[in-house]
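Written out below as structure tokens is the structure these notes cover.
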Amino acid sequence: MSIKPLNAQSLHALCQRIDYARHGEIRSLTPLASTSIEIRFSVQDKARGFDWIEVAFVIEGVNDAKLVSDNVLRMLSMDEGITVEVDNTKAALAIGNYKGRIEDAPLYIVGATIGYEEREFGED
């Protein structure tokens, strides 16, 4: 599989399908390069009868981020899911409901573009 780019419309459809990752689990946070970060979640997919899948978001052109250690990552609440915003100037992802105020989130990543990849549940 390859990373599929997201625009505002495709992002909205994906987030609704996975219910904004509410009550999901953060599986990993991986810097891929100096300006590229992948964050992977286990989520329920409405399109697959609420089966669990893995969704990896890749943010490219990262210019701002607030990251946490692995120990803290496991303790972040996913009750509110994620906030993902895309416009002509940026792409951002945050843990929690932080629409319009990404920088207030306990973990956020802001870059130029965002894409995603679906994987089977438990796939490394």
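As a basis for the values below, the full set of heavy atoms in this structure was taken, side chains included, without hydrogen atoms, waters or symmetry mates. Along the sequence shown, residues carry numbers from 1.
Side-chain polar atoms of S36 and E60 form a donor-acceptor pair below 3.5 angstrom. Side-chain N/O atoms of N71 and S69 include no donor and acceptor closer than 3.5 Å.
Both I114 and Y116 sit in one connected hydrophobic cluster of ILVMFWY residues. Membership requires side-chain heavy atoms under 4.5 Å apart, directly or through other members. Residues I39 and V110 do not share a hydrophobic cluster, clusters being chains of Ile/Leu/Val/Met/Phe/Trp/Tyr side chains in contact below 4.5 Å. In the hydrophobic clustering of ILVMFWY residues, with side-chain heavy atoms under 4.5 Å counting as a link, V84 and V55 come out together. Linking ILVMFWY residues whenever their side-chain heavy atoms come closer than 4.5 Å, directly or via other members, leaves F57 and L32 in distinct clusters. In the hydrophobic clustering of this structure, V86 groups with L14; members are Ile, Leu, Val, Met, Phe, Trp, Tyr whose side-chain heavy atoms approach within less than 4.5 Å, directly or through other members.
A donor-acceptor distance shorter than 3.5 angstrom exists from the side chain of R74 to the backbone of R27, with no hydrogens or angles considered. For the pair S10 (side chain) and N7 (backbone), a donor-acceptor distance under 3.5 Å is present. Between the E80 side chain and the N97 main chain, a donor and an acceptor come within less than 3.5 Å of each other. Side-chain atoms of T83 never come within 3.5 Å of backbone atoms of A94 as a donor-acceptor pair (strictly under, hydrogens ignored).
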Next on the checklist: Would I53 and S42 count as a side-chain contact (heavy atoms from CB on, under 4.5 Å) here? Give the steps.
Outcome noted: CA-CA 6 Å; I53 63 168; S42 292; over 6 Å; no
Checklist entry - After noting the C-alpha distance and the side-chain angles of K66 and L107, does the key distance pass the side-chain contact (heavy atoms from CB on, under 4.5 Å) rule? => result CA-CA 5 Å; K66 180 179 181 184; L107 183 152; 5.9 Å; no
Item to check | Intermediate values then yes/no, side-chain contact (heavy atoms from CB on, under 4.5 Å), L76 and V68 | outcome: CA-CA 10 Å; L76 289 176; V68 297; 4.1 Å; yes
Next on the checklist: Working note: M78 + I26, criterion side-chain contact (heavy atoms from CB on, under 4.5 Å); need CA distance, chi angles, decisive distance, verdict.
Outcome noted: CA-CA 8 Å; M78 290 295 294; I26 304 169; 3.7 Å; yes
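Rounding to the nearest 0.5 angstrom, the gap separating the CZ atom in F121 from the CD atom in E54 is 6.0 Å. Expressed to the nearest 0.5 Å, how far OH of Y20 lies from CD1 of I82 amounts to 9.0 Å. For the atom pair NZ (K90) and CD1 (I59), the distance works out to 13.0 Å, reported to the nearest 0.5 Å. Rounding to the nearest 0.5 Å gives a distance of 8.0 Å between OG of S77 and NE2 of H23. Between atom CD of residue E118 and atom CD of residue E120 there is a gap of 9.0 Å, rounded to the nearest 0.5 Å.
Electrostatic pairing of E117 and K4 does not count as a salt bridge here, judged by no charged N lying under 4.0 Å from a carboxylate O. Between E38 and R119 there is a salt bridge, with a side-chain nitrogen of the basic residue lying less than 4.0 Å from a carboxylate oxygen of the acidic one. We find that R17 and D45 are joined by a salt bridge, their nearest charged nitrogen and carboxylate oxygen being less than 4.0 Å apart. Ion pairing of E85 with R101 is absent here, as no side-chain N (NZ or NE/NH1/NH2) approaches a carboxylate O to less than 4.0 Å.
Between F50 and Q44, the closest heavy-atom pair is O-NE2, 3.2 Å.
For the side chain to side chain contact (heavy atoms under 4.5 Å, CB included) with I109, the lone residue among I102, L29, D64, N63 that qualifies is L29.
With contacts defined as side-chain heavy-atom distances shorter than 4.5 Å, the pair T113/L6 does not qualify. Put simply, the side chain of P106 reaches to within 4.5 Å of the side chain of Y98, judged on heavy atoms.
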